[in-house]
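Structure record follows, encoded as structure tokens.
The first residue in the sequence is number 1, and the count goes up from there.
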Amino acid sequence: MNFARHIHIPYQAVRRLTVSATVRGADQHILVTSAGKDRLGALKDFTNVIHAKNANIVDTKGTRLGGLFSLTILAKVPGTADRAALDTALKSVSGFETMIMPASQPAYYDPDLETQIQNDADNEFTAYFKVEGADHPGIINKVMKVFEANGLSIDNMSTTSEGAPYGGTDLFMMEGVCNHVGPLSKDWKAMTVLEALREIEASDNVDIEFQEMDDDEWGEDDEWGEDDEWGEGEDEMNEIFDGITADDMKEMEKSFTPEERKKLEFLEKGKLQ
């Protein structure tokens, strides 16, 4: 079997890597992208460099694919840091090819902007998507063409392929979150996207899930569904989480992805008040 294993290190787990200052200048953000043979301590080597060079890790994602480890780090570099020394040290991590690019400061929630955010809510669109079926060339490309034609950009996405239980064609799965780029036009409709995806379902013999994500929960249309990997509905999920305290949940959430946190926030409203 060929599995892709994904690692996500939350911002909260690494934001304390702040440091001192020695040289004047403006703070900046950089995106570090690196890939190399998977080995013990690879991520530690990168975080050691960033910490030692007076920078702060904002977010990190890593993926193991085909025996290689691919790592992406968003870091904040204070104007006091030696950027040239930082770049050199990052590119010197043993066994990895590394590229460093300037990046934008991430947009964090500001309570003062709550009113503006609410006013803009009707002019935004974010959706969860999932594609499953027999693996064959062109599936990802067809879905991406539909998204591009309708102004949708990928926020995050993962794909896996594994052997069928009794041999035969490999099984493919792709899931992620997409957002509309820019304001929605008056004639823009999510149904147009869904209809195009249904055509791919019919032509490529795959199952495609596509549903708008609510800001507060995963929609009002019972997005859990009977076929969802979390079980057969909200009531069953609540039974599973009986006995788990708020403190237990906070400890568990340290390793969860943003999508998993969304689902758990939905449960917490009913079970952990």
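Nearest heavy atom pair, residue Ala55 against residue Pro78, reads CA-CD, 4.0 Å. Closest approach of Lys53 to Ala89, counting heavy atoms only: CE-CB, 4.0 Å. Ala103 approaches Leu31 most closely through the heavy-atom pair CB-N, 4.0 Å. Listed here is the closest heavy atom pair of Ala42 and Phe69: CB-CD2, 4.4 Å.
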Give the intermediate values and the outcome of salt bridge (Lys or Arg N to Asp or Glu O under 4.0 Å) for residues Lys76 and Asp27. CA-CA 7 Å; Lys76 180 179 180 180; Asp27 294 354; 3.8 Å; yes
Determine, stepwise, if the pair Leu152 / Phe129 fulfils side chain to side chain contact (heavy atoms under 4.5 Å, CB included). CA-CA 12 Å; Leu152 296 176; Phe129 63 91; over 6 Å; no
Before you tell me yes or no, could you show the steps for Val193 and Trp188 under side chain to side chain contact (heavy atoms under 4.5 Å, CB included), namely the whole-Å CA-CA distance, both residues' side-chain angles and the distance that decides it to 0.1 Å? CA-CA 10 Å; Val193 182; Trp188 192 92; 4.1 Å; yes
List the steps, then state whether side chain to side chain contact (heavy atoms under 4.5 Å, CB included) holds for Met213 with Tyr128. CA-CA 6 Å; Met213 294 173 61; Tyr128 166 83; 4.0 Å; yes
Please lay out, stage by stage, how Val143 and Leu197 fare under the test side chain to side chain contact (heavy atoms under 4.5 Å, CB included). CA-CA 7 Å; Val143 174; Leu197 294 176; 4.3 Å; yes
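Between Ile73 and Ile57 the shortest side-chain heavy-atom distance falls below 4.5 Å. When side chains are defined from C-beta on, Asn156 counts as touching Lys61, because their heavy atoms get closer than 4.5 Å. Side chains of Thr60 and Leu43 form a contact here, defined as non-hydrogen atoms less than 4.5 Å apart. Residues Ile139 and Val131 have side chains in contact (heavy-atom distance under 4.5 Å, counting atoms from C-beta outward). With a 4.5 Å cut-off on side-chain heavy atoms, Phe172 and Ile140 count as touching. The shortest distance between side-chain heavy atoms of Ile50 and Leu90 falls below 4.5 Å.
With sequence neighbours left out, Asp38 forms a side-chain hydrogen bond (donor to acceptor under 3.5 Å, both in side chains) with Arg64. Considering only residues two or more places apart in sequence or on other chains, Glu148 meets the side-chain contact (heavy atoms from CB on, under 4.5 Å) condition with none of them. When the side-chain hydrogen bond (donor to acceptor under 3.5 Å, both in side chains) test is applied to Ser153, no partner is found at least two apart in sequence or on another chain. Scored by the ring pair (Phe, Tyr, Trp, His ring centres under 6.0 Å) test, Phe96 finds Phe46 as partners (sequence neighbours excluded). In terms of the side-chain hydrogen bond (donor to acceptor under 3.5 Å, both in side chains) criterion, Lys91 has no residue partners (sequence neighbours excluded). Under the rule for a salt bridge (Lys or Arg N to Asp or Glu O under 4.0 Å), the partners of Glu201 that lie at least two apart in sequence or sit in another chain are Arg198. Residues meeting the salt bridge (Lys or Arg N to Asp or Glu O under 4.0 Å) test with Asp87, sequence neighbours left out: Arg83. With sequence neighbours left out, the side-chain hydrogen bond (donor to acceptor under 3.5 Å, both in side chains) criterion links Asp187 to Ser185. By the salt bridge (Lys or Arg N to Asp or Glu O under 4.0 Å) test, Lys142 is found to be paired with Asp204, residues two or more places apart in sequence or in another chain being considered. Residues satisfying the salt bridge (Lys or Arg N to Asp or Glu O under 4.0 Å) criterion with Asp135, sequence neighbours excluded, are absent altogether.
Among the candidates Glu132, Met157, Lys130, the single residue satisfying the side chain to side chain contact (heavy atoms under 4.5 Å, CB included) test with Glu175 is Lys130.
Criterion: ILVMFWY side-chain heavy atoms under 4.5 Å apart, direct or through other members. Under it, Ile208 and Phe125 are part of a common hydrophobic cluster. Side-chain heavy atoms closer than 4.5 Å link hydrophobic residues (I, L, V, M, F, W, Y) into clusters, and following such links, even through other members, never connects Leu71 to Leu68. Grouping the Ile, Leu, Val, Met, Phe, Trp and Tyr side chains by contacts below 4.5 angstrom, directly or via other members, places Leu86 with Ile100.
The CG atom of Asn150 lies 11.0 Å from the CG atom of Leu184; values are rounded to the nearest 0.5 Å. Atom-to-atom distance recorded for Cys178:SG and Glu212:CD is 10.0 Å, nearest 0.5 angstrom.
In this structure a side-chain-to-backbone donor-acceptor pair under 3.5 Å is missing from Thr159 to Met174.
Cluster partners of Met99, using a side-chain heavy-atom cutoff of under 4.5 Å among ILVMFWY residues and allowing indirect links, are Met101.
Annotation for Asn205: atom CG does not count as buried by contact number, only 12 or fewer foreign heavy atoms lying within 6.0 Å.
Under the salt bridge (charged side-chain N to carboxylate O under 4.0 Å, His left out) criterion, the residue pairs touching residues 43-52 are Arg39-Asp45, with sequence neighbours excluded.
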